Asks: 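After the structure tokens below, expect a handful of questions from me.
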Amino acid sequence: MHHHYHHIISHPFHFHFIHAVYIVFFVLVLLVISFYLGRSAQRRSSRRKLSLSKHYFVGLNYLLNEQPDKAVDVFIRMLDVDSETLETHVAIGSLFRRRGEVERAIRIHQNLISKPNLSRAMRIQALIELGHDYLHAGLYDRAERLYLEAIDMGGKVAAPCIKPLLTIYQHEKEWVKAIQYAQLLQAQLKEPMNTIIAHYYCELIGASFLQLTDTKFKEYLALALAADPKCVRVSLIEGEWYMRHNDFKTAIKAYKRVKDQDADYISETVEPLATCYEKLHDETGLHDYLYQYLNESPRLNLILTITDKLQLWHGDKVAADFIVEHLRKQPSIQGLQRLTELYIKQTNAEDQQRWQVLQSLIQDFLRDKMRYQCGHCGFTSKTLDWLCPGCRHWGTIKPQLI
Ligand SMILES: [Zn+2]
């Protein structure tokens with residue numbers, strides 16, 4: 001043992017990082033093996049001890065010489081896998097997986113599963129490891145089957161299966177199952193999942209928005225709100241649903257809830273709310289809503305919507321005066337663009353041309369502007385994605401002022 005150890009350290013190969021990782025890992029492996037061998041010496045024949053250690057040293061030697069496939073062959077050829085050596089095999093497989101060498105990890109773990117003498121607990125562990133390999137390789141179907149098999153064998157959902165299965169169901173857009181595993185994660189591992197569960201219900205509604213029955217819709221909606229009463233997306237979906245079913249009063253109630261849930265999303269409700277009031281021919285209601293919100297939280301598109309209405313009700317001049325007043329308090333490119341539009345209508349032909357140059361410049365500028373940004377990772381986009389493509393967080397992308 002000591003002789004081998006010394007030999008490894010003084011071997012004159014290139015001592016770069018990969019070697020360092022392998023060496024640290026296998027020194028640990030060797031310590032574990034020698035401990036077990038020493039401990040079990042009385043129980044086992046000395047012949048087995050010798051052949052076992054020989055196999056591990058041969059495998060180690062291949063790894064150190066950057067011949068991982070030969071090393072894998074050696075480990076696979078080892079016939080005996082018991083509770084003492086299982087951990088070593090699992091660790092070697094996981095090492096390959098973490099290094100991105102998934103095929104080798106799969107070979108090692110598949111070999112484990114093929115052993116007939118594994119105990120139930122060992123087989124479950126091997127199934128889960130192989131599941132991790134397939135998940136890593138992007139083979140979601142196979143990974144799912146292995147995790148479910150492990151769960152079947154264990155009689156209950158093992159903690160290491162929950163997160164990967166949740167990843168799989170979210171990726172495959174199987175929302176009912178995703179909700180089930182998110183709830184398990186919350187119950188068993190005490191991770192707060194309420195925000196995500198609410199989004200899963202929203203996805204579930206969105207996936208069959210046009211086919212859902214009224215009863216089913218209300219059921220999902222109630223469950224989503226129960227999970228996360230602050231979920232803005234639930235209110236937006238509810239508003240959309242009732243607008244589609246021409247129940248504009250209920251839609252208005254849903255959209256107005258957004259202000260108390262997260263005022264940053266008010267801008268998402270201005271257009272549909274204005275439409276709802278118009279559908280109801282409730283001009284007073286619209287006027288009151290717009291000015292109440294303007295006082296409480298003067299969002300840009302609220303100002304733009306009021307500008308539109310003022311133009312309609314009182315003409316270009318009143319609308320232009322209104323937007324100028326608010327641009328002073330809250331400068332914005334979109335507001336400036338709207339103002340140039342109003343000025344163009346009020347000036348003579350010669351000035352109109354100048355304003356139009358300015359307006360087309362502003363339009364070019366706005367065309368590529370991102371209207372939404374993730375508060376977690378800074379990812380920007382032109383559309384409101386509820387699952388951030390940058391950091392994979394739910395509900396972190398918000399509208400931003402431009
Ligand atoms: Zn993000």
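Worth knowing before you read on, the calculation uses all heavy atoms, side chains too, and leaves out hydrogens, waters and symmetry mates. In listed order, ligands and their atoms are each counted from 1. Source: prediction; values computed, not measured.
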Asks: Is it true that the side chains of Glu268 and Tyr372 contain a donor and an acceptor less than 3.5 Å apart?
Replies: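 Per modelled atom types, Glu268 and Tyr372 side chains form a pair under 3.5 Å.
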Asks: Are there any protein N/O/S atoms under 2.8 Å from the Zn ion (ligand 1), and if so, which?
Replies: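 Short answer, with waters excluded from the count: Cys374 SG, Cys377 SG, Cys388 SG, Cys391 SG.
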Asks: Answer yes or no: does atom CD of Gln292 have more than 12 heavy-atom neighbours from other residues, nucleotides or ligands under 6.0 Å?
Replies: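 Atom CD in Gln292 is packed in, count exceeds 12.
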Asks: Working note: His199 + Arg233, criterion side chain to side chain donor-acceptor pair (under 3.5 Å); need CA distance, chi angles, decisive distance, verdict.
Replies: CA-CA 8 Å; His199 278 285; Arg233 189 181 179 189; 3.0 Å; yes
Asks: Is there a side-chain contact between Cys161 and Ile128 in this structure, where contact means two heavy atoms from C-beta onward sitting under 4.5 Å apart?
Replies: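 A side-chain contact under 4.5 Å exists here.
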Asks: Flag yes if more than 12 heavy atoms outside Lys317 fall under 6.0 Å of its NZ atom; otherwise flag no.
Replies: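 No, NZ of Lys317 has 12 or fewer neighbouring heavy atoms, counting only those of other groups under 6.0 Å.
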Asks: Glu283: what forms a salt bridge (Lys or Arg N to Asp or Glu O under 4.0 Å) with it, not counting sequence neighbours?
Replies: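 Listed in chain order: nothing, the list is empty.
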